[in-house]
Structure formats: C-alpha cells, structure tokens
Visitor: 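One structure coming up, written as structure tokens, with questions to follow.
As a basis for the values below, the full set of heavy atoms in this structure was taken, side chains included, without hydrogen atoms, waters or symmetry mates. Convention: sequence-line order gives letters A, B, ...; per-chain numbering from 1. From a predicted model like this one, the values you see are computed outputs, not experimental measurements.
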Amino acid sequence: MKLLYFAWLRTRTGLGEEEIALPQDVRTVRDLVDWLRQRGPGFSAAFENMKVVRAAVNQSYVQLDHPVSEGDEIAFFPPVTGG
Amino acid sequence: MKLLYFAWLRTRTGLGEEEIALPQDVRTVRDLVDWLRQRGPGFSAAFENMKVVRAAVNQSYVQLDHPVSEGDEIAFFPPVTGG
Amino acid sequence: MIKVQSQDFDIGAELAALSHGDTTIGGVTSFVGYVRDLAGDESVSAMTLEHYPGMTEKMLGDIEARAQARWPLAATLIIHRYGDLKPGDRIVLVACASAHRQASFEACNFLIDWLKTEAPFWKQERTAAGPRWVESRATDATAAQRWQTPKPAK
Amino acid sequence: MIKVQSQDFDIGAELAALSHGDTTIGGVTSFVGYVRDLAGDESVSAMTLEHYPGMTEKMLGDIEARAQARWPLAATLIIHRYGDLKPGDRIVLVACASAHRQASFEACNFLIDWLKTEAPFWKQERTAAGPRWVESRATDATAAQRWQTPKPAK
C-alpha cells in the first residue's frame, strides 16, 4: 500500500510518501495509525492528536473505522487551508 | 423648470426634454402631471397609469406629493431595467 | 469607483486595477451582466440601453456608499454601459474587494440588486415583432428588498 | 472546468472563454482569492501552497458537480494555484455562469465555501518568526455548513 503525508504530517514524519506492505492485524485506518505511531517519535508526534488529522483512502475522505487493504493509497493530512 | 422624459415616456410624449415656466397652481409633482396630461393625447397616454411612472426631482426619486418649483429638474420614466 | 460608458470594458484590467497594491485584500467578488438572446420566449437581435446622465452617476454613487458603510470593503467598482448592444455583450461589472470573503460576496450581491431597482437605465430590445421596452421584473424588487433588514457579514 | 496549476491566470481571458458563444448567459459571478500580507497580527512575506495531486482534482470536480446539480448553470470554472506565492498574488478563481443572476451568485459562494473545507491544499506562511502551517478556521467550516440545508435559488 502507498502512504502519503502532507503539510506538518510530512514535516513530522519526515516522509512525503512511502510504500509499505499491509502490516499484520491492520484492518482499519485506526489500526494503521496505531501501527504507525510505534515507528518512532516523529510518527508518534504526527499522529498525537487525531482531531487535527484527516485521512483519505484512494483520494476520498474516510473515518478512522474505514477498512484498508493492500493496494490502497492512504493519505494523512491536517484540515485543509486552501482557497 | 426643466422636464425630462425617458424610455416610453419619451416615445409617447415625443419629447426627450423641454424647458417650461412653472405653470400656475402647480405646487407638487402630481399637479404637474395633471397639467401635462391636458397638453394632448401623447401626454395623456404617457401619464395614463402613474403606477408605472417614476418621478425624480433634481435627480432624486420622489413621491407624487413632492413640491416642485422654478429651477427644478424634473424627470419622468418607467421603472428601471438596467443591470 | 463609478464608470458610466458606452464602450466595452476589460474585466481583467479593471479587477487588477481595483486590487493593485493593496495586500490587505483577501478576495474580490465580481458580477458581470451580459445581453441575453432571449427575453421570455422571444428572440432578441439587439438592444439599446438608455439612461439618465447625471442621475445615473448619482444613484450608483449612493448605492456604492451604502455598501461601503455596511461592509468592510477595501475597494468597489461599478461599470455600467449604455447605447447599442447585442447578445453576448457585457452590460455591467460590479466588483467588491475585501479582507473578508463573505463581505465581498454580500456587498457585490447587494450592489447588483440595488442597481437593478434604482439606477436609471432602460432597455429597449429589438425582436422580430419590432422594438419594445423591457418591463421591470417583480423579482428584482424582491431581490433588492431582502437587503432592507440589516444583516451584515460576520 | 477544473485547473490546478502553479502559474498565474488571466481573469479576463478565463471569463471570456467561460461565456464565449453562449448568449443564454445573463450573468457570471466570480471570486478571486489573493494572498494577504497579514495573518492574525503577523506579517507574511511569502507562502507556499502544498496540495495532494490527484485528490485535489477529484474533490474540485466533485464540488463542481454538486453545484451544477443544484443550480441552473451554463458553465463553471475553478482554478487553484499551488507552489510559492507572495502577498497580492492570485490564489484561486471560481466563476459561475447562468441565465439567472442569483443562481450564479449562490453557486459561486457555495463553490468557494466548499473548496475551502474540502480541497486538499495547505498553506505554509513565512513570517518573521519563521515558516508556519496555517490552521484551518472554524468560520470556514461554518460557512460551508450553511449549504447543507437545500435551498436553491428561485
């Protein structure tokens, strides 16, 4: 699966995007966030407060209970500030 | 005083503008309209239905009871249709 | 700024001039009105816009001042054409610049609504049945009246 | 039509293209957003707009389709820039053409409100204190939510 990080989630994780294999026992976006948090201080800081993180699966906004699967494009970013 | 006629009031009266002396006993716009109606069929047709005629004195909208005096610029026209 | 003119206008140049050099402006809402080729169910081949020189500028200036008193606006512009026009031609441009998006929207909407009920312009359309003066629309009066209840943008 | 680009746009040319050849159009409402030099009480010297290529176009297309389903629109246009911008630069253009004035106003207002809450763009401002990511504003969410109650233009 492809993971994308934007704005300060990119800065904190230190990554713009990455390819990972679907980790074992990860079924939902929430599971994935829990898995990512354990990767190190940058990731735990990025996902510290999920109230200010939005998630998209395959370029559509989703809730944290949305399922994820191999081949998905999953993006994390703050509330948008364009316009 | 200067009288101005616009749109179909101009067409019906046959006049765009004219200078007249303030007629005797004309105190208000309504008096002036009554005086104008007697000038001929074009004028009586123009001022037949005052619901569709607007009046301005010195370039401000007024009601028919507004006073008129020598030196005024008085305009008659239909409801506006610009924009 | 008020401009009453027979010639066409360049929207890009006008809007650029409106906001030029003022970096407190966050948004500009503009409305451009065009001559339509249909009036009711009759085809319109051309139109003439008559106006009342002097009073037109006065009324547009009054309306502009009212908008500036009601919303926080950095700049406003009203351009209205008169004379001979054909379908597709631009008739009017109203633009409002503000630090705040919603203020610029509401003020622009207010200006065009009032312009349509107060600015002394009259359209004469040329149709197959001959020329005819356009009648004012009740919906325009209603649109203007909704601004009577003061309710400025947050 | 959706355009996501780093280069500037020519408002006059874009609006002319939008309405060109369609003489059923009575009005075009447009909104142009600019980079302001002030954020809160801090001076902004420049900004970078980051976006999510692919999802941006998808979300803007979705929002445009919603507006077209809700109002009688002849044409719509959204242009949003990304990359490095400075105060006074144009960021976004939203334009709606319709036979009906009020429909063009409401649809344009709807588009910019939703764009601000759904389109995946993030502003990073450069201030004297260093670069900082702009936080989303609760007022933008409120502005978008008022369109949740269906109330199309007459």
Side-chain angles (χ1 to χ4, degrees), chain B residues 1-20 28-30 32-33 36-37 41-83, chain C residues 4 31-36 39 44 47-63 78-83 85 90-94 108-125 130-141 143-144:
Chain B
M1 62 206 319
K2 186 178 183 178
L3 302 186
L4 298 162
Y5 309 94
F6 293 98
W8 52 256
L9 278 105
R10 179 174 50 72
T11 321
R12 291 188 190 171
T13 60
L15 279 176
E17 64 177 84
E18 60 177 332
E19 287 282 344
I20 63 163
T28 66
V29 175
R30 185 179 282 110
L32 180 62
V33 168
L36 287 166
R37 278 177 175 142
F43 279 88
S44 64
F47 293 100
E48 190 179 14
N49 176 10
M50 290 304 289
K51 282 184 187 157
V52 291
V53 176
R54 298 283 171 274
V57 172
N58 300 325
Q59 305 188 351
S60 289
Y61 288 103
V62 297
Q63 302 294 316
L64 293 179
D65 58 0
H66 192 275
V68 298
S69 51
E70 200 61 62
D72 279 349
E73 175 176 305
I74 302 168
F76 296 103
F77 45 78
V80 305
T81 58
Chain C
V4 181
F31 177 82
V32 181
Y34 295 86
V35 180
R36 292 171 58 189
V44 173
M47 80 155 50
T48 303
L49 254 169
E50 181 175 335
H51 77 120
Y52 180 176
M55 184 167 171
T56 302
E57 289 80 357
K58 181 176 183 293
M59 293 311 300
L60 293 180
D62 286 355
I63 297 166
I78 303 175
I79 305 179
H80 204 302
R81 295 176 68 189
Y82 59 84
L85 299 169
R90 286 175 277 268
I91 304 176
V92 64
L93 169 66
V94 174
C108 186
N109 206 167
F110 168 93
L111 282 173
I112 186 69
D113 282 353
W114 276 112
L115 185 157
K116 287 212 164 243
T117 55
E118 296 202 353
F121 286 93
W122 302 276
K123 287 176 182 152
Q124 189 182 46
E125 294 171 339
R132 64 166 182 202
W133 292 99
V134 174
E135 283 185 36
S136 73
R137 299 190 310 162
T139 51
D140 283 333

Visitor: So, taking the atom named OH in C:Y52 and the one named CD in B:E17, what distance separates them when rounded to the nearest 0.5 Å?
Guide: 9.5 Å
Visitor: With a 4.5 angstrom heavy-atom cut-off, could you sort out which part of C:K58 is near chain B: side chain, backbone, both or neither?
Guide: side chain
Visitor: Tell me if a side-chain donor or acceptor on C:S136 pairs with a main-chain N or O of B:P79 at a distance below 3.5 Å.
Guide: no
Visitor: Count the heavy atoms of every other residue, nucleotide or ligand shown that sit under 6.0 Å from CD of B:Q63, and state whether that count exceeds 12.
Guide: no
Visitor: If you measure from CH2 on C:W122 to CZ on B:F77, what distance do you get to the nearest 0.5 Å?
Guide: 5.0 Å
Visitor: By the side chain to side chain donor-acceptor pair (under 3.5 Å) test, which pairs, at least two apart or in different chains, include something from residues 110-120 of chain C?
Guide: C:R66-C:E118, C:D113-C:R146, C:D113-C:W147, C:D113-D:R101
Visitor: Looking at C:Q124, C:R81, C:M59, which has the largest count of heavy-atom pairs under 4.5 Å with chain B?
Guide: C:M59
Visitor: Looking only at heavy atoms and a cut-off of under 4.5 Å, which of C:G33, C:A141, C:G54 has the most pairs with chain B?
Guide: C:G54
Visitor: Name the region of B:R10, side chain, backbone, both or neither, that has any atom closer than 4.5 Å to a heavy atom of chain C.
Guide: side chain
Visitor: Around C:E135, counting heavy atoms of other residues, nucleotides and ligands shown, do more than 12 lie under 6.0 Å from its CD?
Guide: no
Visitor: Say you draw a straight line from CG of C:D140 to OG1 of B:T81; how long is it, rounded to the nearest 0.5 Å?
Guide: 9.5 Å
Visitor: Quick check on B:A7 against chain C: is it the side chain, the backbone, both or neither that has a heavy atom closer than 4.5 Å?
Guide: both
Visitor: Roughly how far apart are B:T11 OG1 and C:E50 CD, rounded to 0.5 Å?
Guide: 7.5 Å
Visitor: Side-chain contact test, heavy atoms from C-beta onward, threshold under 4.5 Å: evaluate it for C:R132 versus B:W8 and give yes or no.
Guide: no
